[in-house]
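Taking it in order: structure first as structure tokens, then the write-up.
Chain letters run A, B, ... following the sequence lines, proteins first and then strands; every chain starts at 1.
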Amino acid sequence: MLLQEAPAETFSFMAFGFIVILGTMGLYLLSLINRYRNLEQDMELLDELSAKVEPSVEST
Amino acid sequence: MIEVRGLVKAFGVKPVLRGLDFQVAEGEFVAVVGPNGAGKTTLLRILTSMARPTMGEVRIAGLQLPRQSGAARKILGVVSHQPLLYGDLTADQNLRFFGRMYGVSNLDDRISEVLSIVRMSARRYDLVRDYSRGMQQRLAIGRGILHRPELLLFDEPHTGLDPDAADMLDDLLIRVADEGRTVVMTSHDLTRAGELASRVDILSGGKIARSIKRGELDRGELNQLYYEVTRG
Amino acid sequence: MEAAPRNLKILTGITIGLFVLALYMVFIYAPREAVMGDVQRVFYFHVASGWVGAVAFLVTAIAGGVYLAKRDRKWDRVAVASVEIGVVFTFINIASGSIWARPIWNTWWTWDPRLVTATIMLLLYVAYLMLRQGIDDPDRRARFGSVYGIVAFVSVPITFVSIRIFRTIHPVIIGSGDPAAEGAFDMTPRMLQAFMFSLLTFTFIYATLLWYRIRLGRLSEEVEERKMEMMSV
Amino acid sequence: MAEGVGAVSRVGPRGAVGGYLRAVGAIVWKDIAAELRSRELLGSMLVFALLVILIFNFALELDLRTRQTVTSGVLWVTFAFAGTLGLNRSMAIEKDRGCLDGLLLAPVDRSAIFFGKVLSNLLFMIIVETIILPLYSLLYNVNLFHPGLIAVILLGSIGYVVVGTLLSAMAVQARTRDILLPILLFPVVLPVLVAAVRATTGVLQGLPLEDYQAWLNLLIAYDVIFLGVAIVSFDYVVEE
């Protein structure tokens with residue numbers, strides 16, 4: 001194979017390689033965004049809860 | 001003997017001690033009381049240099065913690081609610097081991113002496129594993145006083161003891177304190193603390209909220225004050 | 001949490017620009033390799049990922065050391081953030097290397113020192129993440145993480161040396177022990193430029209991701225803090 | 001020892017060294033005394049080691065030819081597996097009744113505690129090895145008696161135990177302590193195992209020293225480097 005004059009036909013392997021490289025990077029990016037969203041939702045929920053809790057504490 | 005100023009300790013983001021001030025003079029027997037989670041154990045762990053303060057100054061016999069903790073550990077005797085003893089060793093072997101770690105001189109004599117103080121001489125060569133909780137705790141006190149410390153720290157010593165064993169422990173505590181040592185004890189048992197200690201400090205909100213000398217208040221007043229401070 | 005600071009936005013913009021350019025250089029600017037063909041194009045990002053992995057773990061070890069000295073939690077956030085990114089890119093490095101090896105050495109896997117070291121490095125830092133997962137107290141987690149991050153980083157070069165000696169003494173069964181021997185190629189100037197540019201781009205990607213991941217860590221701690229407050233109320 | 005005892009309150013250089021060695025010795029003595037009583041640690045290590053060798057026997061079909069080449073590998077895998085059992089147990093004993101706190105309260109340098117634990121772990125490891133080696137030799141009729149082997153086993157065990165003691169001190173303080181140690185330890189000690197296996201093979205095949213000198217050097221380098229790393233970092237592992 002290595003003795004051939006013309007370059008080896010390895011386009012499919014290249015495609016596969018880049019799917020893995022870019023795919024993994026993309027997945028990680030998605031996971032970062034996802035985790036960030038979840039935390040922001042938690043934060044909003046906490047804001048709501050503390051808004052509810054505080055007046056009731058003062059009234060008692 | 002102990003000087004603590006502005007002590008802050010936070011576990012992660014959760015502050016347990018918030019700017020606590022605490023002084024103990026030589027020869028005093030101070031009980032630190034407070035509800036569970038008030039930070040009693042945390043305070044003691046910082047005094048024993050097992051935990052490092054987040055902020056604030058801690059001095060024991062003039063030695064600054066945690067920087068000079070090595071020297072401070074020499075004059076400290078600690079009895080925790082865990083026995084800190086090896087189950088697979090006998091009382092004699094346990095004391096021998098800790099005696100060597102502290103560099104106690106005339107170790108054989110000292111072990112006999114300590115065992116008779118804590119009334120464990122008869123069980124000297126029995127495995128700690130087979131002891132009752134009360135016996136383990138007595139031996140733990142023996143381990144605490146083995147190297148003749150100037151300052152004794154007791155962390156909830158009555159935990160898990162039946163009333164008889166607890167009374168026996170009280171006798172022992174009084175005897176140990178009468179030898180002129182400074183004692184700091186944490187407890188959630190206000191009555192016992194009030195009877196034993198020359199001063200009761202109430203720990204609440206991460207600070208010493210009140211400090212009551214013996215004879216200042218009777219038992220009922222002390223109880224009422226405690227509930228006011230910790231609940232209110 | 002407040003929106004990304006301006007510097008981070010600028011950095012993100014630069015990184016995206018560089019990445020687009022890098023893709024252009026890898027696929028169009030750099031010539032097709034004369035022997036291996038298109039698959040050689042994997043090489044640029046393959047090496048760059050390995051580089052990011054190594055840099056990330058170095059940063060973890062340094063941040064761990066600084067944490068132990070200063071006890072400022074922000075250094076621990078840097079350390080975890082860096083490990084996570086390092087693990088992702090080391091995985092990319094190994095997977096892409098394996099794909100490259102298939103047509104060139106006729107096998108998905110060879111026991112080449114670099115490949116094996118990269119794999120053990122991946123296992124080390126997966127262990128690092130598992131260690132952290134098993135500890136609830138954040139201060140202890142940070143301390144143990146710092147210690148293990150340093151221990152792991154020190155062990156990597158020794159592992160590499162040990163496998164290298166192992167390979168030279170042992171007969172090589174499949175392919176070549178050293179990819180420089182077979183599957184090696186002369187880089188044309190354009191290839192070299194694409195290669196250097198990929199390294200630069202991936203370094204920027206690392207820095208950008210690190211920044212975002214540190215912010216994520218901080219936000220997560222804030223949420224924890226708030227939850228604690230809620231529970232104590 | 002006697003001078004060390006007297007010099008406790010006024011720690012001069014001699015007293016300090018005496019106190020340090022006395023503390024290390026006390027920990028080793030304590031571990032031996034406890035082990036003589038319970039025999040849990042050595043017992044489990046030995047039984048486990050035998051089981052591993054038996055499993056290898058059926059997994060690899062250790063016929064005469066195979067034995068020549070895989071003996072060192074089988075031995076070291078056995079030691080490594082049995083070793084994690086011992087390391088875990090040895091640290092769990094300290095953690096169980098809060099004994100580690102008791103150790104840390106003593107006025108001795110933390111590295112003395114580390115050395116004490118390393119020495120007793122090393123001792124247990126070597127006891128297991130000295131029982132397993134002749135047994136293996138007997139079972140498979142392979143001659144394992146070679147002076148060079150002692151050096152290799154010692155160097156390999158030191159590196160393994162130094163890193164193992166440090167990491168087991170972390171593992172026992174984690175929630176997942178039963179499963180964590182091998183996962184933390186094996187990727188870090190891989191060079192020790194590789195080098196020890198190759199050097200053992202060299203010794204057993206009677207090769208000249210030059211042929212496996214590189215492995216011995218690697219083992220020495222590993223031992224020295226990680227002894228340094230472990231001494232510095234042990235403080236951070238045991239403090240709270």
Are C/Pro103 and A/Thr10 side-chain neighbours, meaning at least one heavy-atom pair lies under 4.5 Å?
yes
Roughly how far apart are A/Phe13 CZ and C/Ser96 OG, rounded to 0.5 Å?
14.0 Å
Evaluate the side-chain proximity of C/Val223 to A/Leu46: yes if any heavy-atom separation is below 4.5 Å, no if none is.
yes
Any C/Phe19 side-chain heavy atom under 4.5 Å of A/Met25 side chain:
yes
Working for side chain to side chain contact (heavy atoms under 4.5 Å, CB included), residues C/Ser220 and A/Leu39
CA-CA 6 Å; C/Ser220 149; A/Leu39 284 174; 3.6 Å; yes
Heavy-atom distance under 4.5 Å to chain C: side chain of A/Asn38, backbone, both or neither?
neither
Where on A/Leu45 is there a heavy atom nearer than 4.5 Å to chain C: the side chain, the backbone, both, or neither?
neither
Would you say that C/Ile99 contacts A/Met14 through its side chain, given a criterion of any heavy-atom pair below 4.5 Å between the two side chains?
no
Does C/Gln193 have more than 12 heavy atoms from other residues, nucleotides or ligands lying within 6.0 Å of its CD?
yes
Sequence neighbours left out, what passes side-chain contact (heavy atoms from CB on, under 4.5 Å) with C/Val59? Give chain and number order.
C/Val55, C/Val78, C/Ser82, C/Tyr206
Please test A/Glu44 against C/Arg226 for salt bridge (Lys or Arg N to Asp or Glu O under 4.0 Å), starting from the C-alpha separation and ending with a verdict.
CA-CA 11 Å; A/Glu44 273 167 32; C/Arg226 292 283 299 275; over 6 Å; no
Interface moiety of A/Leu29 toward chain C, non-hydrogen atoms closer than 4.5 Å:
side chain
Derivation and outcome, side chain to side chain contact (heavy atoms under 4.5 Å, CB included), residues A/Val20 and C/Ile92:
CA-CA 7 Å; A/Val20 168; C/Ile92 291 177; 5.9 Å; no
Return each pair, listed once, that meets side-chain hydrogen bond (donor to acceptor under 3.5 Å, both in side chains) where at least one residue sits in residues 17-27 of chain A; pairs must be two or more places apart or across chains.
none
Test item: A/Tyr28 and C/Arg213 side chains (from C-beta on) under 4.5 Å apart, heavy atoms:
yes
Quick one: are the ring centres of C/Phe27 and A/Phe18 less than 6.0 Å apart?
yes
Do the non-hydrogen side-chain atoms of A/Asp42 and C/Lys227 ever get within less than 4.5 Å of each other?
yes
